[in-house]
Amino acid sequence: MMIKPVLLWSDALILLLLATVAALVWLARKNDTFRAPWRQVMSSRMGAGTALILAVYAGIGLLDSLHYVERLPGAPGQTAGQQAQYSGEVRSALDALLKPLRENVEKTYSAPFATHLYAKETMPGPDGREVRDFPRLKHGGAHLADPEKDFWSDVSERAGLGLLGGWVVWLLWRSWFGCRNGGARFGLPGSSCSAAGPPRRNLTLLVILLTAGALIALAPHYHVLGTDKVGQDVLYLSLKSIRTGLLIGSLTTLIMLPFALGLGIAAGYFGGRIDDAIQYLYTTLNSIPGVLLIAAAVLVVQVQIEANAEFFDTAAARSDVRLLALCAILGVTGWTGLARLLRAEALKLRELEFVQAARAFGVTDARILLRHLLPNVMHLVLISVVIDFSGLVLAEAVLSYVGVGVDPGMISFGNMINGARLELAREPVVWWQLAAAFVFMFVLVLAANLFSDQVRDALDPKSGGRK
Amino acid sequence: MSAPVSKLVVENLCVEIDAGGRVLKPVDGVSFEIGPNECVALLGESGCGKSLTALALMRLLPEGGRVASGSVRLSDDDLFALAEAEMGEVRGGRLAMIFQEPQTSLNPVMTVAEQINEALAAHRGLNDVAAAKEAARLLRAVGLGDDKLASYPFQLSGGQRQRALIAMMLAGEPELLIADEPTTALDVTVQAQILKLLKELQQQRGMSLLLITHDLDVAHDMADRVAVMYAGQIVEWAPSAALYTSPRHPYTQKLFAVLPRLDRRGERLDSLPGRVPGPDSVFSGCRFADRCPAVFERCRLEAPAFHETVPGHWSRCHLAEAEEPTSSRVRHAHQVTPTGTHGAAESLRFSAYESGVPLAGAPSAVSLSPVLDVRDLAVHFPIRKGLLRRTVGQVKAVDGVSLQVSAGETLALVGESGCGKTTLARAILRLIEPTTGQVRLLDESLADLSGEGLRRKRAQMQIVFQDPFSSLNPRMKVGEILAEGMAALLSLSASARLQRIANLLNQVGLPEDAASRYPHEFSGGQRQRIAIARALAVEPKLLILDEPTSALDVSVQAQILNLLADLQQKHGLAYLFITHNLSVVSYLAHRVAVMRGGKIVETGDAEALLTRPEHAYTRLLLDSAPGKTGAA
């Protein structure tokens, strides 16, 4: 099948971000003062473990950012010279990997590991009469002849195979990487190699590999996390939501940072009229209810998108622009808290004697801001960025609920929660959609928070002697 | 002097602190006693464990700290055997403590009366009316009027706050008052008042007083007996008079020797190399061995016992052992035999690292045209009010100051906090824009300069600040810190800059590898050296020293003062030395200007001004300085 890569705006920004980070790492790879704190982070159990979890999330998000469209099969009689026709549906590399999950669509809700639908239907019974019962699922457990009898043995067999696979991969990884310093690769059990390597990182990896193995074995045959109202697999939705969450968290932060850093530090350092003006700006921004401002801005963007429909050849491009607009709006309105914090810190730092000494040297204001103030507020920035990141992933959910979040057609944690909201009142309750969104977000936000704690400890010279 | 029955007996007190798996012993076997109506001073440099000793007595050790062994008896009650509830009654009742920082030891949202009443209710069960009466009586006893009862702490000055705190602590009618550096944060005149008050209260009430201080003069003025602490142990324990006339322990002798004084002008200050070993050090012999001028082989092998040399005078030193002297010990014993504090300094000057260095600090030939010429400088801060920020008044921080400093000369600017000396320094450097007046540096008016011209001029004047912790950017390496001024003001090649950094570090006595380390890896004294090196990096002609030694221990202070004197002699620097410490002034300054309320009230030759002050305020300052009552 022929495919054509598609570069959405957000994909471009992600690649740009990735390239910048890679370039920074490449430039700083020889700088020991730069590497030392990161080495410290990665050598701590917590740092390495959470970094691995974040890397898995980032990897899923990246896979989901490699977009393409498929070429439609040529119509009969089409000649080679004719323009190829492409599908209007944008897919990603993740979609391709998760093809069975994406295509195994049921009619409506089904519980995790269910073999029957969650709603009764009228259907012809074995004796020809019409009965109302839970029908069998089209895909979930469809290979079982008698679900009541075979279910447990089948599930445990597949899960066991998956876990075994994960374990084998882990063992291979251990003998490959864990023993590089120990001497022989593929060391025999009980040799010195088995003790080598940071144990917790191995453990986190083991958990991840076991989970992945079990999921790979089970997911094509069962809806591990159930299905939603229109029968989509919730596991698929959760994995697809990761990209949206990461995008909202990171792009918004990136948009917000220059405002917060520039204006906050400038206000604190220069004082006087500049301080007055900046304070006026953020007080005004803060006094407008955030949701109102975001709602207004999103609606304006939406109208613009609809008025200029010719710019967007696919639905994905349209929802992508709306997502970017949401990031921009959140960023432009969200910098005030951090700016206020940085202003207070800069006010304090400005009076410190090393800043006075720099001024006595006639060092220019720009240089003082860059060399003396900025590095001394970075720990604050780092902490609040991570807290904001978590908050933004959550804010997306709230905004989608109000209807001003991401495009309703876009898969996101917010839309998942929004969809699950009404079903919570149902009896028996449909809990799996909410639970899945919760677990995925929880792991992401917790890992990010713990990781940032480690980074802060490593970067702050004052806490260096504490351990 | 020593009382028949002791009020407080501390025996073999050991404090341990659990620091991430390692056990530190900041207090290791401290024993002393305090008689009724006696004042004992616990004297030592920072980090020697004196505050932790006091906290251990109160059973208020910080988290992770615990008393490992030892006993404390207050009038025969074993404090460590009491239940926590009983200890709560003793604490603030029979045993009270006042802290160093009056700013933070009073609750800012409670009035003075409320805070005193709290103590009265807790320890004496007094009700509203009786408590109010008693609170007023207590305030009068500490020299505050009744009108201060309704005041909040922020409405009081530092001295008043310390008085209010003392009143609070007296509320429980303590048998023993522990004062942990009660006057360190206060101005010298206020310090004199508070010390006098403490002495009077102690005598009137028959209290015992445990005074914790780093100031030899304060201890001398106040204490009946003095315990000198070093690295968690008491190294000397003697009646005050005996200690100050004939210190036995080499450390005590050194402490006296490093003090800057008027009669040491022109001499090089004796200095104590190194610093107090940290609580994580492991000792095999005497704890002072590494810094001791009289060290000999046995000191490194065997920890000395506490010897009683003269009745009542104890010293933890092998030399104090009065038995079968070996030949080598005789020599050393002879050399450390003190003949008074000044004599101690003289007798210790044998050591190799002191000898052969020309004496600095002597008034050198002063050239005629001044490096710095300040005329009628004034800095007024407008008080703005209202929506439009109209100026409704002015704070005259500096109000018409004129002074001159010549090359190779040190002008000391003396004054209490808030007199405008720091504002003056910043106005001279044009870190603050002066309101009126003229500053001429090397015959060029600074007011006429701006932009690039001013930036170039900055190379000729530099400043060293008081706090060695906030004056260095914690995120920059020492090399970067030193290079910053050069990059801004001098055009040097990268290799020339590195060469110069190595040179500077060498000049201020730091190892060359310091350049690649961060400031937090250095001690306070070393940081101050870095700050001095940073200022010297651009080859200034004028160095403004804003209390450069007041955050340092006396032994480190001596090192820095010696360094400053050397640098002045070598480079012919003009110093504007801002300080409140009169002993430093009397040692170092060629001329002195006394500042008060933004104006200079008296100026003149240091020796003349300090011995024959003319202005009443100068006399007050000199009289308030501790150690006036016949020290040295």
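The analysis underlying the following values was restricted to heavy atoms, covering all of them including side chains, and did not include hydrogens, waters or symmetry mates. Labels below follow one simple rule: chain letters A, B, ... track the order of the sequence lines, proteins then strands, and each chain is numbered from 1. Here the structure is a predicted model, which is why all the values come from computation and not from measurement.
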key: Neighbourhood of chain B inside residues 334-344 of chain A, taking heavy atoms under 4.5 Å as contact   = none
inquiry  = Measuring from atom CG of Leu504(B) to atom CZ of Arg529(B), what distance do you get when rounded to the nearest 0.5 angstrom?
reply    = 14.0 Å
request  = Quick one: pull up CG in Leu573(B) and CG in Leu536(B) and give me the separation to the nearest 0.5 Å.
outcome  = 6.0 Å
note = In this structure, OG of Ser471(B) is separated from CG of Leu352(A) (nearest 0.5 Å) by 9.5 Å
message = Taking Glu351(A) first and then Lys348(A), would you say they form a salt bridge - that is, a charged N and a carboxylate O separated by under 4.0 Å?
response = no
inquiry  = Taking side chain as everything from C-beta outward and backbone as N, CA, C, O, which of these in Arg456(B) sits under 4.5 Å from a heavy atom of chain A? Side chain, backbone, both or neither.
reply    = neither
key: Nearest-0.5 Å distance that lies between atom CG in Leu576(B) and atom NZ in Lys421(B)   = 11.5 Å
remark   = Counting heavy-atom pairs under 4.5 angstrom with chain A, the leader among Gln466(B), Glu521(B), Glu484(B) is Glu484(B)
ask   = Please walk me through it: do Tyr282(A) and Leu263(A) pass side chain to side chain contact (heavy atoms under 4.5 Å, CB included)?
value = CA-CA 10 Å; Tyr282(A) 73 57; Leu263(A) 295 178; over 6 Å; no
remark   = The single option from Arg475(B), Arg534(B), Met476(B) that satisfies side chain to side chain contact (heavy atoms under 4.5 Å, CB included) with Phe354(A) is Arg534(B)
message = For residues 357-373 of chain A, give me every residue with a non-hydrogen atom less than 4.5 Å from any non-hydrogen atom of chain B.
response = Ala357(A), Ala358(A), Arg359(A), Ala360(A), Phe361(A), Gly362(A), Val363(A), Arg371(A), His372(A)
query = What pairs meet the side-chain hydrogen bond (donor to acceptor under 3.5 Å, both in side chains) rule with one or both residues in residues 258-268 of chain A, with sequence neighbours excluded?
reply = none
key: Glu452(B) atom CD, neighbour heavy-atom count above 12 within 6.0 Å   = yes
query = With sequence neighbours excluded, what pairs up with Tyr575(B) under the ring pair (Phe, Tyr, Trp, His ring centres under 6.0 Å) test?
reply = none
request  = Take Arg458(B) and Leu431(B) through the test side chain to side chain contact (heavy atoms under 4.5 Å, CB included) and record every step on the way to the result.
outcome  = CA-CA 10 Å; Arg458(B) 286 193 186 281; Leu431(B) 295 177; 4.2 Å; yes
message = Can you tell me which of Asp467(B), Ile481(B), Asn473(B), Ile463(B) forms the most heavy-atom pairs within a distance under 4.5 Å of chain A?
response = Asn473(B)
query = Under a 4.5 Å heavy-atom cut-off, does chain A meet the side chain of Leu472(B), its backbone, both or neither?
reply = backbone
